[in-house]
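Working notes for the structure below.
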There are 2 protein chains.
Amino acid sequence: MKSYEKVFVDFLKRNNLKLTHPRSIILQAVFRNHDHFDIETLYDQIRVEHKNVSRATIYRTIPLLVEAGLIKNPLRQESKDRYEYIYGHRDHLHLVCSKCSKIIEAGSKQIEKLLAEIAQKHDFRIEEYNLVVSGICKKCLNK
Amino acid sequence: MKSYEKVFVDFLKRNNLKLTHPRSIILQAVFRNHDHFDIETLYDQIRVEHKNVSRATIYRTIPLLVEAGLIKNPLRQESKDRYEYIYGHRDHLHLVCSKCSKIIEAGSKQIEKLLAEIAQKHDFRIEEYNLVVSGICKKCLNK
DNA sequence: GCCTTTTATGAGATTGAGTCTCAAAATCAA
DNA sequence: TTGATTTTGAGACTCAATCTCATAAAAGGC
Ligand SMILES: [Zn+2]
Ligand SMILES: [Zn+2]
Ligand SMILES: [Zn+2]
Ligand SMILES: [Zn+2]
């Protein structure tokens, strides 16, 4: 048994969930992708060999793999776009509360400086960066 | 005329676009939002006084305001979720080249440390952060 | 094996933010 | 005022993601 399989099996056991056939197929398919993948692509890959695994089961299994610490979505966004005006408004970064959706604004100068250093190290010219920090705000922590 | 109006009018002129009634109404509504707003909320706000401004026009005007440098969407990343496996992989940043799509992976330790400091300052518990840096890679710069 | 209870599944319907279509309306320069 | 051109409103459409529910698979006791 590969070690990532063990991680998943242990996670399932801890949560009283079953290692079913579809879950096993999905796990293998995920670990064949050594790149970033979207779920539609994963669905197509799985379907080549396993015509009976449904889209719903894939969508249900992905969060389990995330929770198990096996995969993550490094580009995760919010489900809808939110805007703010920037004219006459200092640049800042956003701490988004995943419980109440509140946004805390914080200075971004240090981050920008650090990113500039990192970019220089890789001879990369930054055009823009998107940073979303999600977590729990003070108020929600105290509930 | 407020200065943000001037910015928008100049932008429209430069691009041979017209300052129409709906565009003007939308601009005012946007600048009444001193918070982050989503378009559905903006639509409802506008609808209170202007029942005839359509959702489509709002969706069409927002990118103009972005292009004019008046607003931005600081949280937008990609239109669909993408994943990568993290098990046995050190955490890293993504420098994505907008010319050739190459992804340069860089260490994220310093960024994490800095974010932790910022979060602590705001009594915020970080669950995850997502950072995507886009720009031009070394190779493409030399072309 | 068998029965029972619980959990998971597949297929397809539904959601909802965002986009597109197109006939009608508004704009503006001549 | 005219007429070419741009913009608009209404609603149809898209598509990733979620939900529903009847059926199927799993696990434990026997
Ligand atoms: Zn909160
Ligand atoms: Zn902000
Ligand atoms: Zn990566
Ligand atoms: Zn490049």
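If you're wondering where the values come from, they're calculated on a predicted model, not measured in any experiment. Reminder, nothing fancy here: chain letters follow the sequence lines and each chain counts from 1.
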Collect all protein-nucleotide pairs involving nucleotides 13-15 of chain D in which both atoms are nitrogen or oxygen and the distance is under 3.5 Å.
none

message: With a 4.0 Å limit, can you tell me whether B/Thr57 has a side-chain N or O closer than that to the phosphate oxygens OP1/OP2 of D/dG9?
response: yes
message: Both A/Asn16 and B/Arg55 contact DNA chain C. Taking the nearest nucleotide for each, which residue is further toward the 5' end?
response: A/Asn16
query: Any side-chain N or O of B/Tyr59 under 4.0 Å from OP1/OP2 of C/dT19?
result: no
task: Please examine the side chains of A/Phe8 and A/Leu64, heavy atoms only from C-beta on, and report whether any two atoms are closer than 4.5 Å.
output: yes
- request: Mind calculating the distance between CG (A/Leu64) and C1' (C/dT9) to the nearest angstrom?
  value: 13 Å
- request: Quick one: list whatever passes side-chain hydrogen bond (donor to acceptor under 3.5 Å, both in side chains) with B/Ser24, sequence neighbours left out.
  value: none
message: Rounded to whole Å, please give me the gap between CG in A/Leu12 and C1' in D/dA27.
response: 15 Å
message: Just to verify, what does A/Asp10 make a side-chain contact (heavy atoms from CB on, under 4.5 Å) with, not counting sequence neighbours?
response: A/Lys6, A/Arg14
- request: Measure from CD on B/Glu40 to P on C/dT15 and round the result to the nearest Å.
  value: 15 Å
- prompt: Heavy atoms, side chains only, cut-off 4.5 Å: are B/Ile111 and A/Leu131 in contact?
  reply: no
- line: Nucleotide by nucleotide, nucleotides 20-30 of chain C touches protein heavy atoms under 4.0 Å in the pattern (B base, S sugar-phosphate only, - none) BB-----B---
task: Figure out the CD1/P separation between A/Ile26 and C/dA8, and round it to whole Å.
output: 13 Å
task: Go through the structure and list residues passing side-chain hydrogen bond (donor to acceptor under 3.5 Å, both in side chains) with B/Gln45, not counting sequence neighbours.
output: B/Asn33
statement: To the nearest angstrom, the NE2-C1' distance between A/His50 and C/dG10 comes to 16 Å
- prompt: Starting at the 5' end of DNA chain D and moving along, which residue's nearest nucleotide shows up first, B/Arg47 or B/Leu17?
  reply: B/Leu17
message: Output the rounded distance in Å from CG (B/Asn15) to C1' (D/dT5).
response: 16 Å
message: Run the salt bridge (Lys or Arg N to Asp or Glu O under 4.0 Å) test against B/Lys18 and tell me which residues pass, sequence neighbours left out.
response: none
statement: Those residues at least two apart in sequence (or on a different chain) that pass side-chain hydrogen bond (donor to acceptor under 3.5 Å, both in side chains) with B/Gln28 are B/Tyr4, B/Glu5
message: Show me the pairs that pass salt bridge (Lys or Arg N to Asp or Glu O under 4.0 Å) and involve residues 42-71 of chain B, at least two apart or across chains.
response: B/Glu40-B/Arg55
- line: Side-chain contact check for B/Arg23: nearest option of C/dA8, D/dA16, D/dT8 is D/dT8
task: Whole angstrom is fine here: how far is it from OH in A/Tyr43 over to P in D/dA17?
output: 14 Å
statement: Under a side-chain separation threshold of 4.5 Å, the hydrophobic residues clustered together with A/Leu141 are A/Ile136
Nearest-angstrom distance from the residue atom CD1 of A/Ile46 to P of C/dT9: 12 Å
